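One structure below.
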Amino acid sequence: MIADIPDSLRDSGAIEVREKLGTISGGDVLDVGTDDGDFIKVLMKTLKDYKSFTGIDISEESLTRARKRLNDGPVNFIVMNAETMTFLENQFDTVCASYSIHHLENIEAVLSEMYRVLKPDGSFIIQEMYSDGEQTTAQQVDMLVHHLDVKVDSLLGIPHFKTLTRRRLRSLVGKLGLSEVEFMESSWSVKCLFCSDAHYCTNPTRADHIDSVLKQIDKVLTRIFGHPSYDEIREEAESLKDRVKTDGSSEASVMYIFGKKK
Ligand SMILES: C[S@@+](CC[C@H](N)C(=O)[O-])C[C@H]1O[C@@H](n2cnc3c(N)ncnc32)[C@H](O)[C@@H]1O
C-alpha cells in the first residue's frame, strides 16, 4: 500500500475494505468475469493468504490479456460462460466478481452458479459500481460516459447494462441466503490504495485526464461508425464531451458485498 495517500482516498472507505479483505483466507479462489485480471491482482495484495486463482471469462480476448499480465503465480484462466459453469459443487473456497454484474445478461443465474461452486463456509465477494447515492458531478459524468458505452454495446449486440442501484444489488445477493453478509461502500476503489497516481486523481478536471476521457468517447463512437444510429449517438457524444470539459470525470463509487455460504 502507498504510504502517502490523499485525504479523500483515506476517508473513502477503501482502507476498511482492504482491512476486511485482509481477514479472508482465500484458498482456491474463483474470479468471475476476470477480463484482464485486475481484481485477481488486487486480491493477491489484499487477501490474508491464498492457494490458487481461477479466472473465468466469456471472452477469449480478455483472458489473453490476463495471461500476459499475470504470467507467474498460481493462476489458471478458462473461457467459460458463468451462467453454466463446468465446475463441481463446493469446489472453491472463495468466489468473487468485480465490475462484472452489469455485464451479465442473467445476473441471477450467475450468482446462483457462484453459490453452487462455493464450499460451505466459503467466502463470497462482490465489487461493483453503483448508480445512485451522493456521487459528485464528476462521478455523474463518468456514469454518463459508461452509459454511452452501454448504449453502443447494446446496439452492437454485446451484453452490457447500466450500473445497478445499491438496493438492487442488495436484493439480488440477498436471495442467495448467505450468512455473515456485510455491505461496504467506497467512493474510491480498493485498488487505488496501491496506485502511485492516486494524488493525481483527486483533480477530476486535470487536462490530460479530460483528454483521455474525450479520446475514450471518440473510441466508443468509432465502434458504431456506419450504424443506422450513428448520428444520434454522435450528437449525444458531442454534448457529453462538453460536460467532460466542464466538470471532468471521476470513477463512480463502489459497493462491496461480503458473505459466507451456509
Ligand atoms: C468490466 S469486465 C470485469 C473487470 C474485471 N473483473 C476487473 O475487476 O477489472 C466484465 C467482464 O465480464 C465478462 N462477461 C460478461 N458476461 C459473462 C458471462 N456470461 N460469463 C463470463 N464472463 C462474462 C466480459 O467478457 C468482461 O470481460
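This is a predicted model, so every value here is computed, not measured. Along the sequence shown, residues are numbered consecutively beginning with 1. Order of appearance sets the numbers: ligands from 1, and atoms from 1 within every ligand.
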Please verify the inter-ring angle class for His102 with His160; under 30° counts as parallel, over 60° as perpendicular, anything in between as tilted.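 Aromatic pair His102/His160 classed tilted.
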
Hey, what's the ring geometry for Phe53 with Tyr50, parallel, tilted or perpendicular (30° and 60° as the breaks)? tilted

Pull out every atom of ligand 1 sitting under 4.0 Å from any heavy atom of [X], numbered as shown with elements.
X	result
Ser59	25 (O)
Phe39	8 (O)
Ser62	27 (O)

Below 4.0 Å, non-hydrogen atoms only: which portion of Val110 touches ligand 1? Side chain, backbone, both or neither.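 Neither part.
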
Per-residue contact class, Met80 against ligand 1 - non-hydrogen pairs under 4.0 Å: backbone

Closest approach of any protein heavy atom to [atom], naming residue and atom:
atom	result
atom 11 (C) of ligand 1	Asp57 OD2, 3.6 Å
atom 9 (O) of ligand 1	Asp38 CB, 3.1 Å
atom 23 (C) of ligand 1	Ile58 CG2, 3.7 Å
atom 20 (N) of ligand 1	Ala82 N, 2.9 Å
atom 3 (C) of ligand 1	Gly33 O, 3.2 Å
atom 15 (C) of ligand 1	His103 O, 3.7 Å
atom 19 (N) of ligand 1	Asn81 OD1, 2.9 Å
atom 8 (O) of ligand 1	Ser98 OG, 2.5 Å

For His102, is the nearest heavy atom under 4.0 Å from an atom of ligand 1?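 So His102 does not count as touching ligand 1.
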
Ligand 1 contact by Ile56, heavy-atom criterion under 4.0 angstrom: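 Per 4.0 Å heavy-atom rule, Ile56 does not contact ligand 1.
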
Any side-chain donor-acceptor pair under 3.5 Å between [X] and [Y]?
X	Y	value
Asn76	Thr54	no
Gln139	Ser253	yes
Ser249	Asp247	no

Would you check if the side chain of [X] reaches a backbone N or O of [Y] as a donor-acceptor pair within less than 3.5 Å?
X	Y	answer
Glu251	Asp142	no
Arg243	Val141	no
Ser100	Ser98	yes

List for me each residue that meets ring-ring contact (aromatic ring centres under 6.0 Å, His included) alongside Tyr99, sequence neighbours excluded, and say none if there are none. none

Once salt bridge (charged side-chain N to carboxylate O under 4.0 Å, His left out) is applied, what residue pairs with a partner in residues 189-218 remain, sequence neighbours excluded? Asp38-Lys191, Asp211-Lys215, Asp218-Lys241

